[in-house]
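Accompanying notes for the structure given below.
Ligands are counted one by one from 1 in listed order, and the atoms in each one are counted from 1 as well.
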Amino acid sequence: MRSTLALALLPLVRAINIVSSNDDGWAEANIRSIYNALTSGGHSVVLSAPAENKSGSGSRDETPSDRTEPCEFDSCPANSGPYGFNETDTRLNWVNSYPVTSIKYGIETLSPQFFDGPPDLAVSGPNVGNNLGLTVYLSGTVGAATYAASTGGIPAIAFSGESGTATAWNAETPTYSTVYSELAAKLTDRLVASGTPYLPENIWLNVNFPAVDETCASADAFSFVLSRIFTAVPLVTPDDVETCDGTRLPTESSVVDTDGCYVSVSVGTADDKGDADATSQGVVLEKLGDLLTCLP
Ligand SMILES: *[C@@H]1O[C@H](CO)[C@@H](O)[C@H](O)[C@H]1NC(C)=O
Ligand SMILES: *[C@@H]1O[C@H](CO)[C@@H](O)[C@H](O)[C@H]1NC(C)=O
């Protein structure tokens, strides 16, 4: 009774259809944590991620081949074909290929089955380890998000976190993994509450979480800061959106390196993985509203 009432009083966040991928593999703890966080937040989520660790594979895309080995952490048997899923939760899917191939399968094949159409949003990660600046070109987690936002035409967010190491889905869930997923769900819900389109066309968000430690121990301790992916070139790079008393956003690296618990939120163009212009940054600034703060 009490929980029904509490639910009824929550601000209305529309439940949406979300496709989820990563590059650390379908059975890594972080992707299962975000699946649980978004699902318990009311969203309908389908996970479609590589059968094994495909870190560093950027935007590679190849037709899935038959697996001969078991999936990572023994999460599927050997010789189980090019695709597979968890028999008790068929929303959990693996693809024996790269992150881009996996999210593409999620968008083109699984979404029509589960959602009766395309997903409303694509999320990738949380990646084990940050993807800051130039690493966006190498990261498969970023590759999946940028594919979704460009070719897929689906608003997309890549999440990456500094803390942790590769952890199996059936190990005890590490605290950092829970914290990162709560933060990811918080940002997702804010974007959803801002209404459609959730992001401008061809735009993705690169979100990086600093370490979870004694100071930054729970999701409530963190703030979000609008940032840039790359360092601006003086006199060459056009102004960023005006916020926090300036027209130059901090780089995402400087945000996560600032003492305190600051999450960087960069607005990127998906076709070339560059920084978006001030207009698109401004759209995101407005959508995220008071979720965003300024660096001290
Ligand atoms: C499959 O899902 C069940 C039920 O949620 C869970 O107990 C099991 O650990 C999962 N296995 C894998 C490999 O995802
Ligand atoms: C994947 O491999 C990279 C290096 O190739 C490593 O840093 C990372 O921890 C691995 N992740 C998993 C889930 O095994």
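Contact residues for ligand 2 (protein heavy atom closer than 4.0 angstrom to any ligand atom): Asp24, Glu28, Asn53, Ser55, Ala166.
In terms of heavy atoms, Asn22 sits closest to Pro99 at O-CB, 3.4 Å. The heavy-atom pair separating Pro210 from Tyr180 by the smallest distance is O-OH, 2.8 Å.
Alongside Leu132, the hydrophobic cluster contains Val256 (criterion: ILVMFWY side chains under 4.5 Å).
Residue contact annotation: Thr88 has a non-hydrogen atom under 4.0 Å from ligand 1.
Under a cut-off of 6.0 angstrom, the local environment of CG in Asp116 is sparse, with at most 12 non-hydrogen atoms contributed by other residues, nucleotides or ligands. When the shell of 6.0 Å around CD of Gln113 is examined, it contains more than 12 heavy atoms from other residues, nucleotides or ligands.
A salt bridge between Arg190 and Asp290 is present, with a side-chain N of the basic residue lying under 4.0 Å from a carboxylate O of the acidic one.
Ligand 1 has no N or O atom lying under 3.5 Å from any N or O atom of Trp26, backbone or side chain.
Here Tyr83 and Tyr105 bring their ring centres to under 6.0 angstrom of each other.
Residue Arg32 touches ligand 1 through its side chain alone, judged by heavy-atom distances below 4.0 Å.
Residue-ligand proximity, Ser75 to ligand 1, at heavy-atom distances under 4.0 Å covers atoms 13 (C).
Under the 3.5 Å distance criterion, the side-chain polar atoms of Thr141 are left unmatched by any main-chain donor or acceptor of Gly125.
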